[in-house]
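Below is one structure, written out as structure tokens, with a few remarks after it.
These numbers were taken from a predicted model, which means no experiment stands behind them. Sequence positions, counted from 1, serve as the residue numbers for this chain.
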Amino acid sequence: MRNLIVNPQQIALLQQSRLGVEVEEHRINNSGHLSQAPHPTDLGSRRFHPYFQSDFAESQAEIITDPHTSMTILSQQLATLQAIFTHALQPNELIWPLSLPPEVSPADLTFIANNFERPAYQDYRDYLLEKYGIQHAIATGSHVSFSLPTALLAGQSVAARNQLYFHIVQNFMLARWILTYLFGATPQAAPNYFSTLPTALAQPVRSIRNSEYGFTNTTSENVRYTSLAAYLHDIDAAIATGQLYSQHEFYGPVRLKKQTKLNDLLTEGIDYLEFRIFDLDPFSVDAISQTTLRFFKVFISYLAVRPIPDDLAAALAHAQQRNRQVALEAPERPSAFTNELQAWLQQLTDFSHSWPIDYQQAVTAIAQRASQPELTPSARIMYAASQQSLTAFALTQATLYRQQQQQIPPEATPLNADQRQLLIAAYQLGLRVKHRNTTIQLCGQHSAVELTEIQLNGTKATTKLQQLFPELL
């Protein structure tokens, strides 16, 4: 077995890694159907907005945070963005809290197909519509980005940097089934989600979305993770033969991210990883909880120090099959792999002992699900649905969370009333908000201003920011 990080100082540096979150979620009306209202007009332009975007359907919003080392600050920013988005909704709109959409009528399908307001992506969107159909494309979830700390990568060659990132990717593929068990939250689909319901889904399961019936494509199942070269070759080959439109159509559970082209990874290095396996958590007001994020940060850091088995190809094939099996297990029952699950999580618990207490507590809390499947999200969803219905449960949660998000939560840095107005307006307009120690900086395309330096003096916050950053006009 081989490993890359064994130095205790390097292991300690992993605690400075950064996570970011992108939450995909649907706007619905208060009767539980996908909203046909336009994307909120108060939220700046989707041509450049760093925080509020939309996806395949106009109702399919994307809420995007910045990356942070602190999970407290990350969760606070996500809560702020979610509250701002909720405030921008129409009076009769709610946020659907489940990854699989509500029941969609033929009229809904026609509306989704014919209404799309991001012209730069129209060709790609038309391609997806033709290839996959609407139901597949409107599944949602949370994507979590992970970047290694600069101090750990300092002095490393591009090859060494890539090797470390891909070591994490390989271990993630070996352990993905654990996250499917712990966080799976798509036990059932709406009656018309599948044209023909697969036999395997006749009863509730842990995660439709993370199963072979979920948000995936054939290519993502065939890409090899035995090496970075094999991974890039397989994606390039799929694009060259027309199996994939581009690298964006690769729906694998983890993506290697670079600001430029995928092939630049070999010469310029991986910037960060994007993990795409989280179903929306309907028991968290922001769709992914701070406890989950703390657990995941420890989890991914542990993958950086966990050895890779010598028989990697066989181990990857075995892990892929195990994930398929776990995804389709009955959510309220123990997994067939409970003993392996508990042993793995005990090793994670031991690794977490050098972390701050709130991270240790997060690992302990999530690890309880291994021996108590009734605590997993899918089991909790099915219990709640048995008391009413899946749709009624989702609408109850959606209504509750809209009420809770009436107050926009404070950021970590103390702000007075004027500064809070400016911060909220900055998020709405699409300025980049950067936390720097005890200050918050607002950044446009060409300039940056500290929030504490801006004085309203009776001017509206949006007007003041447009004066300072004319590119917003």
Side-chain angles (χ1 to χ4, degrees), residues 17-24 50 53 55-56 60 62-67 99 121 124 127-128 131-132 136-137 139-148 158 161-177 179-180 183 207 209-210 214-240 243-280 288 293 296-297 299-301 303-304 316 319-320 323:
S17 298
R18 297 190 301 170
L19 265 60
V21 175
E22 174 190 316
V23 174
E24 304 167 332
Q53 286 291 340
D55 206 301
F56 182 90
Q60 194 171 353
E62 293 178 351
I63 314 297
I64 308 160
T65 75
D66 296 306
S99 275
Y121 297 91
Y124 179 47
Y127 165 87
L128 296 177
K131 183 173 181 178
Y132 296 103
H136 177 278
T140 61
S142 294
H143 301 166
V144 180
S145 66
F146 173 88
S147 53
L148 290 163
V158 168
R161 173 180 179 169
N162 283 348
Q163 187 180 18
L164 180 51
Y165 268 118
F166 207 69
H167 181 101
I168 294 171
V169 169
Q170 290 172 324
N171 261 330
F172 175 80
M173 294 304 295
L174 293 171
R176 175 171 54 134
W177 64 275
L179 299 177
T180 297
F183 300 107
S207 181
R209 185 173 165 276
N210 282 292
F215 192 74
T216 185
N217 46 23
T218 304
T219 305
S220 68
E221 292 290 303
N222 297 328
V223 167
R224 293 169 294 165
Y225 290 85
T226 47
S227 69
L228 177 58
Y231 172 96
L232 294 175
H233 172 273
D234 291 349
I235 294 178
D236 280 343
I239 295 171
Q243 292 176 273
L244 294 180
Y245 183 92
S246 70
Q247 66 193 54
H248 300 294
E249 195 194 341
F250 172 63
Y251 297 145
V254 56
R255 282 177 172 171
L256 282 55
K257 301 296 283 188
K258 184 71 192 169
Q259 298 302 328
T260 51
K261 296 180 181 178
L262 190 65
N263 285 335
D264 291 337
L265 293 174
L266 293 175
T267 56
E268 299 179 19
I270 298 167
D271 285 335
Y272 64 96
L273 305 176
E274 179 190 65
F275 298 95
R276 302 161 54 83
I277 50 79
F278 285 99
D279 295 340
L280 297 183
I288 186 168
L293 291 170
F296 190 65
K297 183 171 179 177
F299 183 93
I300 295 298
S301 298
L303 299 185
L316 285 167
Q320 185 179 60
N323 184 72

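A side-chain donor-acceptor contact under 3.5 Å links Gln170 to the backbone of Tyr225. Panel note: side chain Arg209, backbone Leu280; no donor-acceptor pair is recorded below 3.5 Å. Formation of a donor-acceptor pair under 3.5 Å by the Ser147 side chain with backbone atoms of Tyr272 is not found in this model. Side-chain atoms of Ser145 never come within 3.5 Å of backbone atoms of Leu273 as a donor-acceptor pair (strictly under, hydrogens ignored). Between the side chain of Glu24 and the backbone N or O of Gly141, at least one donor-acceptor pair lies under 3.5 Å. Using modelled atom types, one side-chain atom of Arg161 and one backbone atom of Ile270 make a donor-acceptor pair closer than 3.5 Å. Side-chain N or O atoms of Asn210 include one that pairs as donor or acceptor with a backbone N or O of Ile277 at under 3.5 Å. Judged by distance alone, with hydrogens and angles left aside, the side-chain atoms of Asn162 form a donor-acceptor pair with the main-chain N or O of Leu265 at under 3.5 Å. In terms of modelled atom types and a separation under 3.5 Å, the side chain of Tyr165 and the main chain of Asp271 share a donor-acceptor contact.
For the pair Ile288/Leu293, a side-chain contact is recorded, criterion being any heavy-atom separation below 4.5 Å from C-beta on. In this structure, His233 and Arg224 have side chains that are in contact, with non-hydrogen atoms separated by less than 4.5 Å. Considering only heavy atoms from C-beta on, Val223 comes within 4.5 Å of Ile235 through its side chain. Between Tyr245 and Lys131, the closest side-chain pair of non-hydrogen atoms is not below 4.5 Å. In this structure, the side chains of Tyr231 and Val169 stay at 4.5 Å or more apart for every pair of heavy atoms. A 4.5 Å side-chain heavy-atom check between Ile168 and Leu148 finds at least one atom pair inside the cut-off. Two residues are said to be in side-chain contact when any heavy atoms from C-beta on lie closer than 4.5 Å; Leu228 and Leu266 meet this criterion. Counting heavy atoms from C-beta on, the side chains of Met173 and Gln320 never come closer than 4.5 Å.
Of all non-hydrogen atoms in Arg176 and Pro253, the two that sit nearest each other are CD-CB, 3.6 Å. Between His248 and Arg255, the shortest heavy-atom contact is O-NH2, 2.5 Å. Between Arg18 and Pro67, the closest heavy-atom pair is NH1-CG, 3.8 Å. The heavy-atom pair separating Phe166 from Ser227 by the smallest distance is CE2-C, 3.2 Å.
Taken to the nearest 0.5 Å, the CD atom of Glu249 stands 6.0 Å off from the CG atom of Leu128. The distance from atom CG of Leu179 to atom CZ of Phe275, rounded to the nearest 0.5 Å, is 9.0 Å. Distance CG/Leu256 to CG/Leu232: 7.0 Å, rounded to 0.5 Å.
Aromatic pair Tyr132/Tyr251: centroids less than 6.0 angstrom apart. Between Phe183 and Phe296, the distance separating the two ring centers is not shorter than 6.0 angstrom. Taking the six-membered ring for Trp and the full ring otherwise, Phe278 and His143 have centroids separated by 6.0 Å or more.
Side-chain N/O atoms of Asp279 and Ser207 include a donor and acceptor closer than 3.5 Å.
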